> 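Structure provided below as structure tokens; questions to follow.
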Amino acid sequence: MSVKNLGTIPVYKKALDLCNMSREIASYVSYNKDLLKLYKSNSLRDNIADSLLTDAIIIPQKIAQAEHSTSSYVRAKNVLLINIMTRNILSYCKGLEMDGLKEKEYINLLRKEIKSFRILYKVWKRSIKRKGDKDL
């Protein structure tokens, strides 16, 4: 499957949506508006925004790796990592709330996006596990 074909996979499209929303939220909630330098900040909120953005960016990459792999081990590993990252993003939402973020509607939108992603993820996960292992 080529990279171009990834755009036809619903979970990949939703992962890109999640990534875009996370970027917008990170930009909005962070004190440092240079998103590439959030990791250098001493602010808890900036650190959470950086982690949120990092995990959201990695999710579509892991989907692509799983889709392109012929190894069942690699596919399973990527599926597991995606699951961990989505749980992390939900934790980051809680962390932003606990840090005093007043605009909870943005966090709730992100939670809703994660919920929508996880529905597609579960369907995709079943399909990716059924792919034949060509390494044998």
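These numbers come from the heavy atoms of this one structure, side chains and all, not from hydrogens, waters or symmetry mates. Since the structure is predicted, the reported quantities are computational estimates derived from the model, not experimental observations.
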> Take atom NZ in K104; do more than 12 heavy atoms of anything else shown fall under 6.0 Å from it?
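Yes, enclosed.
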> Hey, does W124 have a side-chain heavy atom less than 4.5 Å from the side chain of P10?
no
> Could you give the distance from CD1 (I63) to NE2 (H68), rounded to the nearest 0.5 Å?
12.0 Å
> Grab the two heavy atoms, one from A66 and one from I128, that are nearest each other, plus how far apart they are.
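What the structure gives for the nearest pair is O-CD1, 3.6 Å.
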> Which distance, rounded to the nearest 0.5 Å, do you find between the NZ of K102 and the CG of L96?
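K102 NZ to L96 CG: 13.0 Å, rounded to 0.5 Å.
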> For A56 and L18, which heavy atoms make the closest approach, and how far apart are they?
CB-O, 4.3 Å
> How long is the straight-line distance from CD1 of I114 back to OG1 of T86, given to the nearest 0.5 Å?
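Reported to 0.5 Å precision, the distance equals 5.5 Å.
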> What pairs with K125 under salt bridge (charged side-chain N to carboxylate O under 4.0 Å, His left out), at least two apart in sequence or on another chain?
none
> Under 4.5 Å between side-chain heavy atoms, hopping through other hydrophobics if needed: is there a path connecting Y28 to M21?
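Yes: a chain of side-chain contacts under 4.5 Å links Y28 to M21.
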> State whether a side-chain donor-acceptor pair under 3.5 Å links E24 with Y106.
no
> Is there a donor-acceptor pair closer than 3.5 Å between any side-chain N or O of D99 and the backbone N or O of G95?
no
> Is a donor on one side and an acceptor on the other found under 3.5 Å between the side chain of T54 and the backbone of D50?
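Yes.
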> In the hydrophobic clustering (ILVMFWY, side-chain contacts below 4.5 Å, transitive), which residues join V123, or is it alone?
none
> If you round to the nearest 0.5 Å, how far is CG of D17 from OG of S116?
8.5 Å
> Who pairs with R87 by salt bridge (charged side-chain N to carboxylate O under 4.0 Å, His left out), at least two apart in sequence or on another chain?
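With neighbours one apart ignored, the set is empty.
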> Is the shortest distance from a Lys or Arg side-chain nitrogen in R75 or E67 to a carboxylate oxygen in the other one below 4.0 Å?
no
> Between the side chain of Y121 and the main-chain N/O of V79, is any donor-acceptor distance below 3.5 Å?
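Checking the backbone N and O of V79 against the side chain of Y121, a donor-acceptor pair under 3.5 Å is found.
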> Looking at R111 and E97, does any basic side-chain N land under 4.0 Å from a carboxylate oxygen?
yes
> Kindly give the heavy-atom pair with the smallest separation between R23 and L53, and that separation in Å.
CA-CD1, 3.5 Å
> Find the distance between CG (N83) and CD1 (I59) and round it off to the nearest 0.5 Å.
9.5 Å
> Do L44 and I107 belong together in a cluster built from hydrophobic side chains that touch within less than 4.5 Å?
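As far as the 4.5 Å side-chain criterion goes, I107 and L44 are connected within one cluster.
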> Compare every heavy atom of F117 with every heavy atom of K14, then report the nearest pair and how far apart it is.
CG-CA, 3.5 Å
> Please round to the nearest 0.5 Å and tell me the distance separating atom OG of S51 and atom CE of M85.
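It comes to 12.0 Å.
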> Show the nearest heavy-atom pair for residues S22 and L110, with the distance to one decimal.
OG-CD1, 3.7 Å
